2 protein chains.
Amino acid sequence: MTARNTDTKEEIVRIGTALIKSHGYNAFSYADIAEKLQVRNAAIHYHFRGKEDLLSEIIDQYIDLYNSLDKQLRAVGASATVTLEKFIERYSCLVDANSICIIGSIASDYNTLPVSVKEKVKQLVTLVLKLVEQTLAAGKKSGEFVFPETPKTQTLLLMTNLAAGVQLARITGKKDYDTIKKAIIRQLKGG
Amino acid sequence: MTARNTDTKEEIVRIGTALIKSHGYNAFSYADIAEKLQVRNAAIHYHFRGKEDLLSEIIDQYIDLYNSLDKQLRAVGASATVTLEKFIERYSCLVDANSICIIGSIASDYNTLPVSVKEKVKQLVTLVLKLVEQTLAAGKKSGEFVFPETPKTQTLLLMTNLAAGVQLARITGKKDYDTIKKAIIRQLKGG
DNA sequence: ATAAAAACTTACTATTTAGTAAGTAATCCT
DNA sequence: AGGATTACTTACTAAATAGTAAGTTTTTAT
């Protein structure tokens, strides 16, 4: 009651993000976050007027994250192989955490979201697809990757393999994800 | 109020299934079904004690559906190409209905389900994977399909492409799904 | 024709959820 | 030091959700 926590807002976003990835957007309430944070329900409303505002902020942070990730990897001149490895690693971590990717999770609840949030989700998806496509295109040019499809098509195939791969792993086990992951890499190495 | 509807139970399952595929399992309530069916809330409880029982029945019906589909296609001696076409067609219809596949939808809410339902979902997924794998294996043997991976691995790649493809289409539009669909077929025809 | 079973409705209750208004304690600013 | 601002809490309310108990109508079976 005495000590004031200055990063409550960040914690709310962190917990909210984790809940979406593990239970789904429409499966948690402010009460769940409040309990985990040991604050009252109204404290969440103070930081985010409603659940949609929280979701909006969560997506904004993902957009920022991918933009900085891209900038950073460019800055250090990371190869296409390393860049893609880091990207895939993110999905492997999701499997270990019994979670799915935020985009896949939101896709299920997409029709229940207000237009403003839908548009932000679209922005995020477009960004991620663009970054992966650039990586695949660069890798093809440098000879690191060999694949028959256009970078755009190969990106769609790779992204859907990963996104649904973590969803599947949740149901049938990690082995299926690992099989998919290895096949993705084989395909890019000119299997 | 006078005429008694003998297929209310089937209608509940139909509407429930549609709601899961369009809005997600945790995004609808019995009231939504009751309103669409023009009956009282308690009528839904009469047929299905709780939401989990309804979900359980919905999954059972999918298991039955895929089993009969398999039996029927075997009975008429359908080729691997035709069988797979029919299967893919199901996903294309989902896109047109602004829906996603039931497995993908449930995967998002998976951690909120009781163990009994989780096991049934696993059964369904295993069945679908088995049927597709058999089709791919048969197609490879007959020379209809040419692919470098094992039938099992190719099935995982194909299924994840399709499942996440319809999810993606919901956000970025049908074009991306069509690109994926064409690429899947190219891959099987020895692209 | 009637008893039993099926398919509901009415009428509740308890809990969760989303949200607001008003008050309080800590910190920040000058 | 004093006023404003921030970050909450307490204390509500309104609506949605899940569910039950008891009664009513319709259909089925004998």
Side-chain angles (χ1 to χ4, degrees), chain A residues 1-20 22-59 61 105-106 108-109 111-117, chain B residues 1-20 22-59 61 105-106 108-109 111-117:
Chain A
M1 318 311 144
T2 51
R4 201 50 60 91
N5 206 344
T6 55
D7 45 32
T8 297
K9 193 170 183 176
E10 292 166 38
E11 284 289 284
I12 294 170
V13 172
R14 213 204 74 237
I15 295 170
T17 304
L19 282 169
I20 292 174
S22 79
H23 289 73
Y25 177 69
N26 282 314
F28 79 92
S29 70
Y30 270 20
D32 296 318
I33 298 177
E35 201 196 351
K36 292 202 186 203
L37 251 181
Q38 291 284 75
V39 295
R40 299 292 156 177
N41 218 294
I44 320 288
H45 280 286
Y46 170 76
H47 291 288
F48 300 99
R49 182 176 282 269
K51 220 174 147 185
E52 291 159 6
D53 302 84
L54 172 57
L55 178 58
S56 194
E57 173 64 23
I58 288 172
I59 299 165
Q61 292 206 5
S105 181
I106 294 174
S108 291
D109 301 274
N111 288 342
T112 71
L113 304 176
V115 175
S116 62
V117 179
Chain B
M1 313 311 152
T2 52
R4 198 55 55 93
N5 207 344
T6 55
D7 45 33
T8 297
K9 193 169 183 176
E10 292 166 38
E11 283 289 283
I12 294 170
V13 172
R14 214 203 74 238
I15 295 171
T17 303
L19 282 169
I20 292 173
S22 79
H23 288 73
Y25 177 69
N26 283 313
F28 78 91
S29 69
Y30 270 20
D32 296 317
I33 298 176
E35 201 196 353
K36 291 204 187 205
L37 250 182
Q38 291 283 76
V39 296
R40 298 294 154 178
N41 217 293
I44 319 288
H45 281 286
Y46 171 74
H47 290 288
F48 300 99
R49 183 175 281 269
K51 222 176 147 183
E52 291 159 5
D53 303 85
L54 173 55
L55 179 57
S56 194
E57 172 66 22
I58 288 171
I59 299 166
Q61 292 207 4
S105 181
I106 294 173
S108 291
D109 300 276
N111 288 342
T112 71
L113 303 176
V115 174
S116 62
V117 179

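By convention in this document, chain letters (A, B, ...) are assigned in the order of the sequence lines, proteins followed by strands, and residues within each chain are numbered from 1. Keep in mind the model is a prediction, meaning the values are calculated, not measured.
Here the side chains of B:Phe28 and A:Asn26 are not in contact, with every heavy-atom distance at 4.5 Å or above. Counting heavy atoms from C-beta outward, A:Tyr46 and A:Lys9 have side chains that stay 4.5 Å or more apart. Within the 4.5 Å cutoff, side-chain heavy atoms of B:Ile33 are placed close to those of B:Leu54.
Rounded to whole Å, atom C1' of D:dA18 lies 16 Å from atom CG of B:Leu55. In this structure, B:Asp7 places its CG atom 14 Å from C1' of C:dC8, rounding to the nearest Å. For the pair A:Ile33 CD1 and C:dG19 P, the computed distance is 12 Å after rounding to whole Å. Following rounding to the nearest Å, B:Asn41 (CG) and D:dT17 (C1') show an atom-to-atom distance of 8 Å. One can place CD of B:Glu35 at 14 Å from C1' of D:dT17, the figure rounded to the nearest angstrom.
With sequence neighbours excluded, no residue forms a side chain to side chain contact (heavy atoms under 4.5 Å, CB included) with B:Glu35. In this view, A:Ala18 satisfies the side chain to side chain contact (heavy atoms under 4.5 Å, CB included) rule with no residue, not counting sequence neighbours. Residues meeting the salt bridge (charged side-chain N to carboxylate O under 4.0 Å, His left out) test with B:Arg14, sequence neighbours left out: B:Glu11. By the side chain to side chain contact (heavy atoms under 4.5 Å, CB included) test, A:Ala31 is found to be paired with A:Ser29, A:Asn41, residues two or more places apart in sequence or in another chain being considered.
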Can you tabulate the close N/O pairs, meaning under 3.5 Å, that link protein atoms to atoms of nucleotides 13-17 of chain C?
unit_1, atom_1, unit_2, atom_2, d
C:dT17, OP2, A:Ser29, OG, 3.3

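A:Ser108 and B:Asp109 form no side-chain donor-acceptor contact under 3.5 Å, judged by distance and modelled atom types alone.
Annotation: proximity of residues 42-51 of chain A to DNA chain D (heavy atom, distance under 4.0 Å) is found for A:Ala42, A:Ala43, A:Tyr46, A:His47, numbered in ascending order.
Taking only side-chain nitrogens and oxygens, B:Arg40 comes nearer than 4.0 Å to OP1 or OP2 of C:dT10.
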